[in-house]
A.B. asks: 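Could you have a look at this structure, given as structure tokens, before my questions?
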Amino acid sequence: MTRAACENGFPPRMSFRLLGLPDQNITRAPCLSRQDILPETLCILLGNSGGPEELFPLLPDRPAPRKYLRPLFDVWLNNKTMSKNRRVSPLALRKAPFLRALWRVWPLAFDPETKEALLKNCPVCQKTLALGFLKDIWGCGYCDAISDGEFTATDLRDHLQPRVDESFWDDLDFATDFIDPTKLDRRKYRRSQLQEDFESLGDGEVFEVIFALARAMSTEAGHGRGLEIPPPLLAKSAQIVRGWPEALEETFTLESDGRDALSHDAFRKLLYNTRLNPGIRKRIGDIVRSHRVRPALDQPSSINFIDTVADMKEYRTLRMWMKLADSHLQSRTHSDAIVLRSRLHIREAAGLIGISIPTLMAMANGDLLPSQLISESSRSQIQDGSREFVKRVADNSSSSTPPPGALRLPRAVAALFNRTSDPWTVVFKALFSGEIEYWLTARTGASVLERVYIEDLEALRLVVARQEATSCLLNSVPMSMREAALTSRLKAEGLRVAVELGLLSAPYTIEKVVKFRSDFEASTLLAVRHQLRWSPRLASRLRMLLATAGIEPVATYGRNRAIWRRADVERHFGGDLIPCVE
């Protein structure tokens, strides 16, 4: 439309008025879509010899995926990525005198075709090139003059610019091919080179990741609109995406003098960059944290903790976790657990099933879950493994209606099993073999384990009794507060009360939870062991019986929930309690 204005001798904004756009939209018109502009009308205005069919890419007819995105032919880019000013390549203008779409993408400091640096200031008057010019696109606009009745202007085509070093061309092509409308054939090949983390990202989002990496690594003080990325830096960020995730990890490794190759601030710019796809932001955090945690944990005697730049409670406790026994750290068990916990897809898999990270590690035996989990398994492998596991739970559940006396499986296991080992491997094998009948309910918002109910407590007790107490290092692997609340069945509020009273302390481990349950018992678990069960007010009924005997709870929390001394309740109820496997 700018070219049409030049040819027809009127200001560029007149093109928009001829298209019927209201004045208030003129400044945004190049980015707008769905303005009821007909290709035929645009074809007449531009004098396009190829007909209206060639102009369909200029008029996207679908709404933007997000309100801050603008179309650049067939890709969507953040509106802040698009430049309002004119930038030109003199060499490209010599070849064909028209503006290229990619010159509007301001992170690009070069023309993707000629690899010539883009001019944004007039070499004569030094003013910034704008769209409000006369004569033609090769002219400055500020140096225009009329001499002897003839129009003259600074010809930008006479001011050739340096070209980018050829060693960067391949990586720069990789970056620009995702948004270049003339490289649709090469774009398919580029997508085939991407790692699986980028499968769900659009072409524009892939470019935004490359741009964000370069922007984070830039040492320029200003990072606002209009900052061009030096081609070598853009090429480096393209290399990171091509070598993902190892290349991203290498960028964060320590230099020989102990400094980070990529600074703390640079990582934060990526982690909190709302321009980026939320999934890829989380993945960047997982990769970097995992890579940084491992060296710190591999040095048991180290006092200086390497900052993981993670504003998450789980990572803030790493200092304390590293003070555990050297033998534990040398075994790498704690290191493996923390590295696994730092990966989003591992946490999601554990949350989907409803188990802790130590339990996930115990179950990764190749039968229940992929054994490659403990090593460098791919993200899709553990995701597929967890989904297959959930399907297996559903396929083996009883199709009948759960009986009225059915109990939630995790609650029953916590009530009956109190050894320093993880019982879930033998429990799940018993469920899948049909040794224990169970029902998978349709509770929404819960993990699959929290939706499993059983009725035969005696069968469950016989199964968990086969799990021997061990000194496995998994028992001392720290758990998050959420995992500890689930394992102890105290819920978050009960766990906080227990910590305040000194009954439990962080870092939480299976060993500590077992020690707690040896001395104390939550009312919800006591209700499972009491063989004379009254439903549905069992907890309040038990409390009344104990109060009558003069036994008071150690603490109360929530509604009808309490913590009792195990010795008191066992002395009072005696044979009415199902013995716990200890």
Side-chain angles (χ1 to χ4, degrees), residues 70 72-73 75-83 85 87-89 91-92 100-120 161-183 186-187 189-191 193-195 197-198 201-252 261-263 265-267 269-270 273 275-277 280-281 284 288:
R70 294 290 178 265
L72 181 74
F73 289 89
V75 299
W76 295 95
L77 293 177
N78 191 297
N79 56 3
K80 294 182 179 180
T81 308
M82 310 293 281
S83 171
N85 296 324
R87 297 184 304 159
V88 300
S89 162
L91 183 58
R100 274 66 163 179
L102 290 188
W103 294 351
R104 290 197 57 216
V105 182
W106 63 256
L108 301 182
F110 60 96
D111 172 50
E113 179 186 4
T114 63
K115 300 299 187 297
E116 181 187 31
L118 293 177
L119 263 179
K120 62 179 179 180
Q161 298 299 301
R163 301 177 76 183
V164 177
D165 190 297
E166 192 171 353
S167 61
F168 300 117
W169 286 16
D170 184 54
D171 288 317
L172 293 177
D173 285 340
F174 178 86
T176 58
D177 283 353
F178 286 100
I179 57 173
D180 193 334
T182 67
K183 299 295 187 294
R186 282 210 318 222
R187 194 180 301 173
Y189 171 67
R190 298 301 189 191
R191 288 207 69 95
Q193 293 179 296
L194 293 175
Q195 200 259 359
D197 289 337
F198 295 90
L201 272 65
D203 295 332
E205 289 180 307
V206 175
F207 176 80
E208 291 285 1
V209 172
I210 297 173
F211 166 40
L213 287 167
R215 191 167 182 249
M217 293 185 290
S218 174
T219 58
E220 294 288 338
H223 290 282
R225 184 191 293 252
L227 174 68
E228 295 178 339
I229 300 297
L233 194 57
L234 191 67
K236 181 179 180 180
S237 64
Q239 288 178 348
I240 293 176
V241 172
R242 299 179 86 169
W244 193 276
E246 291 80 6
L248 182 67
E249 293 179 349
E250 292 173 1
T251 309
F252 280 79
L262 197 55
S263 70
D265 290 339
F267 175 55
K269 290 171 187 174
L270 291 173
N273 185 352
R275 297 162 56 100
L276 296 182
N277 175 282
I280 205 68
R281 276 196 291 149
I284 289 173
V288 175

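Just so you know, these numbers use all the heavy atoms, side chains as well, and skip hydrogens, waters and symmetry mates. Just so you know, these numbers come straight off a predicted model, no measurement behind them.
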A.B. asks: Drop me the distance from T81's OG1 to R215's CZ, to the nearest 0.5 angstrom.
C.D. replies: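 One gets 8.5 Å once the value is rounded to the nearest 0.5 Å.
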
A.B. asks: Where the side chain of R87 meets the backbone of V105, is there a donor-acceptor pair that is under 3.5 Å apart?
C.D. replies: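 Yes, because the side chain of R87 sits within donor-acceptor range (under 3.5 Å) of the backbone of V105.
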
A.B. asks: Search all heavy atoms of R191 against all heavy atoms of F198 and return the closest pair with its distance.
C.D. replies: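 Here R191 and F198 meet closest at NH2-O, 3.2 Å.
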
A.B. asks: Look up atom CD1 in I284 and atom CG in L276, then write down how far apart they are to the nearest 0.5 Å.
C.D. replies: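 Between atom CD1 of I284 and atom CG of L276 there are 6.0 Å.
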
A.B. asks: Quick one, I179 with L102, criterion side chain to side chain contact (heavy atoms under 4.5 Å, CB included). Give me CA distance, side-chain angles, the key distance, then yes/no.
C.D. replies: CA-CA 8 Å; I179 57 173; L102 290 188; 3.9 Å; yes

A.B. asks: Could you give me the CA-CA distance, side-chain angles and deciding distance for K115 and D173, then say whether side chain to side chain contact (heavy atoms under 4.5 Å, CB included) is met?
C.D. replies: CA-CA 10 Å; K115 300 299 187 297; D173 285 340; 2.9 Å; yes

A.B. asks: Given R186, which of D180, D203, D170, D177 fulfils the salt bridge (charged side-chain N to carboxylate O under 4.0 Å, His left out) condition?
C.D. replies: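 Looking at D180, D203, D170, D177, the match for R186 under the salt bridge (charged side-chain N to carboxylate O under 4.0 Å, His left out) is D177.
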
A.B. asks: If you compare all heavy atoms of A238 against all heavy atoms of I210, which two are closest, and at what distance to 0.1 Å?
C.D. replies: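 The answer is N-CG2, 3.9 Å.
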
A.B. asks: Taking atom CG of N273 and atom CD1 of I280, what is their separation to the nearest 0.5 Å?
C.D. replies: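 Those atoms lie 12.5 Å apart.
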
A.B. asks: Taking R100 for the side chain and E113 for the main chain, is one N or O donor matched with an acceptor at less than 3.5 Å?
C.D. replies: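 No.
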
A.B. asks: Would you compute the distance between atom OG1 of T176 and atom CZ of R187 and round it to the nearest 0.5 angstrom?
C.D. replies: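 Answer rounded to 0.5 Å: 10.0 Å.
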
A.B. asks: Among residues at least two apart in sequence or on other chains, which ones pass salt bridge (charged side-chain N to carboxylate O under 4.0 Å, His left out) with R163?
C.D. replies: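 Not a single residue meets the salt bridge (charged side-chain N to carboxylate O under 4.0 Å, His left out) criterion with R163.
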
A.B. asks: Could I get the full list of side chain to side chain donor-acceptor pair (under 3.5 Å) partners for K183, not counting sequence neighbours?
C.D. replies: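 Checked K183 against side chain to side chain donor-acceptor pair (under 3.5 Å); zero matches.
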
A.B. asks: Answer yes if the side chains of S167 and D165 hold a donor-acceptor pair under 3.5 Å, and no otherwise.
C.D. replies: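 Their side chains do contain a donor-acceptor pair, which is all the 3.5 Å distance test asks for.
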
A.B. asks: Side chains of L172 and P231: closer than 4.5 Å at any heavy-atom pair?
C.D. replies: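 Yes, their side chains come closer than 4.5 Å.
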
A.B. asks: Just how far is it from atom CG of L119 to atom CH2 of W103, taken to the nearest 0.5 Å?
C.D. replies: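 If I round to the nearest 0.5 Å, the distance is 10.0 Å.
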
A.B. asks: For F168, what residues pass the ring-ring contact (aromatic ring centres under 6.0 Å, His included) criterion, not counting sequence neighbours?
C.D. replies: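 Not a single residue meets the ring-ring contact (aromatic ring centres under 6.0 Å, His included) criterion with F168.
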
A.B. asks: Looking at L91 and E116, what are the two nearest heavy atoms and their distance?
C.D. replies: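 Closest pair (atom of L91, atom of E116, distance): N-OE1, 2.8 Å.
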
A.B. asks: Do the ring planes of F211 and F207 sit parallel (below 30°), tilted (30 to 60°) or perpendicular (above 60°)?
C.D. replies: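 Taking F207 first and then F211, their aromatic rings lie parallel (interplane angle under 30°).
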
A.B. asks: Between E205 and W76, is the side chain to side chain contact (heavy atoms under 4.5 Å, CB included) condition met? List the steps.
C.D. replies: CA-CA 8 Å; E205 289 180 307; W76 295 95; over 6 Å; no

A.B. asks: Would you name the heavy atoms of I229 and A214 that are closest together and state the gap between them?
C.D. replies: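 That would be CG2-CB, 3.6 Å.
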
A.B. asks: Would you call R242 and R190 a side-chain contact if the rule is heavy atoms closer than 4.5 Å?
C.D. replies: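 Touching, per the 4.5 Å side-chain cut-off.
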
A.B. asks: Can you tell me how far apart CE (M82) and CG (L77) are? Round to the nearest 0.5 Å.
C.D. replies: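 The CG atom of L77 is 6.0 Å from CE of M82, to the nearest 0.5 Å.
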
A.B. asks: What are the two closest non-hydrogen atoms of D171 and A235, and how far apart are they?
C.D. replies: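 The pair with the smallest heavy-atom distance is CB-O, 3.6 Å.
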
